[in-house]
Amino acid sequence: MAGSSALIHPIDRFFGRMPSWQLVLWCTLMVGFVGAIDGITGNELSLVVFYLLPVSVAAWYGGLRVTWGIAVSATFTWLAMEYLADRQYSHQWILFWNSAVRMTSFGVVATLLRQLHAHVDSQSRLARTDPLTGLLNRTGFLERSEALVNSASRYGLSLVIAFIDLDGFKNVNDSLGHTRGDELLRAVGGALGGSIRESDIAGRLGGDEFAVLLPNTDLAGADAYFAKLHRQMLEAMRRCGGPEVGVSIGAMVFEQGPPHLNEALRMADELMYRAKKGGRTSVIVETPPAATRLRSAGDAA
């Protein structure tokens, strides 16, 4: 099983990131290669099952038009090899009947694979999505953040990581029940999700703790963003009614690229706890100390 996963991952990375035209080119080359081997081996060996390989790749990684285009290409390539081999049939229509059967088989396999891929994608999204707020869960947030943090660290790009925690949230669950607590979490999640750009990453890490990552954001931009987000979250919870719940935010701004993800998260977490100890319902936005900035620059180099 481990060997299979090790093989699938580079294949998925290779085909999954291709633009459509490159995928079509590769699948067409595979069809041509199988067709050439089919022509060389002649009538004694049947290679029809190998035509399913490019059809399957197109179905898994391509759109509907790409999939059917490759399926038609595979069918006509097989038909051409049969014709060039001058294979004799008792009736000429049998050749075209067999071609229709091949096309139907390719179409059925492609349709099933596309449905399976859609199901796998759906399950993958669900596994990385917090069902209560619709934000990423801890796993999804860490997976998506790692690539951005590594890129920002390597190229010295600005990036902000923040921890957000609700103050007094436990009292809501204890006094009013988890239903009211869930309403507050959905309100906070909605405010956070509605405030981010397409390039930003936001997630609920568990309980009443949230995190957000803002690429290409400097100290001034982070100050403005989190001051506004703080107001929006408080307003969203007020509209839900119930007891007063505060919001503590700790945002670390890495203007020359962050250190490793775990270190960046630790620093943001410490800022959030400083905000809590400083009176709660407050926001702290800082850049890392000079020693950390030098260490980060050394890692990037």
Side-chain angles (χ1 to χ4, degrees), residues 1-41 45-85 96 98-129 136 139-152 154-155 157 197-201 215-216:
M1 182 68 70
S4 175
S5 299
L7 175 63
I8 291 174
H9 180 68
I11 292 176
D12 188 64
R13 186 167 53 184
F14 181 72
F15 285 112
R17 298 178 181 178
M18 273 188 184
S20 182
W21 70 269
Q22 285 188 11
L23 181 64
V24 171
L25 177 61
W26 273 96
C27 290
T28 302
L29 289 174
M30 283 191 283
V31 169
F33 178 76
V34 174
I37 300 299
D38 198 7
I40 293 171
T41 55
L45 294 176
S46 175
L47 300 181
V48 66
V49 67
F50 293 100
Y51 287 101
L52 285 173
L53 176 60
V55 173
S56 300
V57 170
W60 194 261
Y61 297 104
L64 188 61
R65 293 174 61 184
V66 171
T67 301
W68 282 103
I70 297 301
V72 170
S73 174
T75 301
F76 276 94
T77 300
W78 175 86
L79 177 61
M81 293 304 103
E82 288 287 295
Y83 182 80
L84 292 174
F96 296 99
N98 288 345
S99 299
V101 171
R102 299 286 187 273
M103 181 66 195
T104 302
S105 301
F106 294 156
V108 169
V109 170
T111 300
L112 292 176
L113 279 175
R114 286 182 60 80
Q115 291 177 350
L116 176 61
H117 193 205
H119 177 72
V120 169
D121 275 351
S122 175
Q123 293 302 309
S124 179
R125 285 193 296 271
L126 287 175
R128 289 159 175 76
T129 301
L136 293 172
T139 299
F141 180 85
L142 294 178
E143 284 183 355
R144 287 195 56 190
S145 297
E146 186 171 11
L148 280 178
V149 168
N150 290 342
S151 178
R154 180 174 182 180
Y155 297 107
L157 304 175
R197 305 163 297 184
E198 188 174 348
S199 59
D200 301 334
I201 302 174
N216 301 315

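Put simply, the residue from Thr75, Ile70, Leu113 that forms a side chain to side chain contact (heavy atoms under 4.5 Å, CB included) with Val55 is Ile70. Checked options Leu23, Val31, Thr28, Leu29; the residue passing with Pro54 is Val31 (criterion: side chain to side chain contact (heavy atoms under 4.5 Å, CB included)).
The line from CZ of Phe50 to CZ of Phe33 is 10.0 Å long, rounded to the nearest 0.5 Å. To the nearest 0.5 Å, atom CG of residue Leu47 and atom CD1 of residue Ile40 are 10.0 Å apart. Rounding to the nearest 0.5 Å gives a distance of 12.5 Å between CD of Glu146 and OG of Ser151. Going from atom CG of Asp200 over to atom CZ of Arg144 covers 9.5 Å, rounded to the nearest 0.5 Å.
When the shell of 6.0 Å around CZ of Arg65 is examined, it contains 12 or fewer heavy atoms from other residues, nucleotides or ligands. The environment of CD in Gln22 is crowded: more than 12 heavy-atom neighbours from other residues, nucleotides or ligands sit within 6.0 Å.
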Next on the checklist: Determine whether Phe76 and Arg102 satisfy the following criterion, side-chain contact (heavy atoms from CB on, under 4.5 Å), listing intermediate values before the conclusion.
Outcome noted: CA-CA 10 Å; Phe76 276 94; Arg102 299 286 187 273; over 6 Å; no
Next on the checklist: Please determine whether side-chain contact (heavy atoms from CB on, under 4.5 Å) holds for the pair Asn216 and Ser199, giving the CA-CA distance in whole Å, both sets of side-chain angles, and the decisive distance to 0.1 Å.
Outcome noted: CA-CA 9 Å; Asn216 301 315; Ser199 59; 5.9 Å; no
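Taking 4.5 Å as the limit, some side-chain heavy atom of Leu136 sits within range of a side-chain heavy atom of Ile201.
Using cut-offs of 30° and 60° on the angle between ring planes, the pair His117 and Trp60 is parallel.
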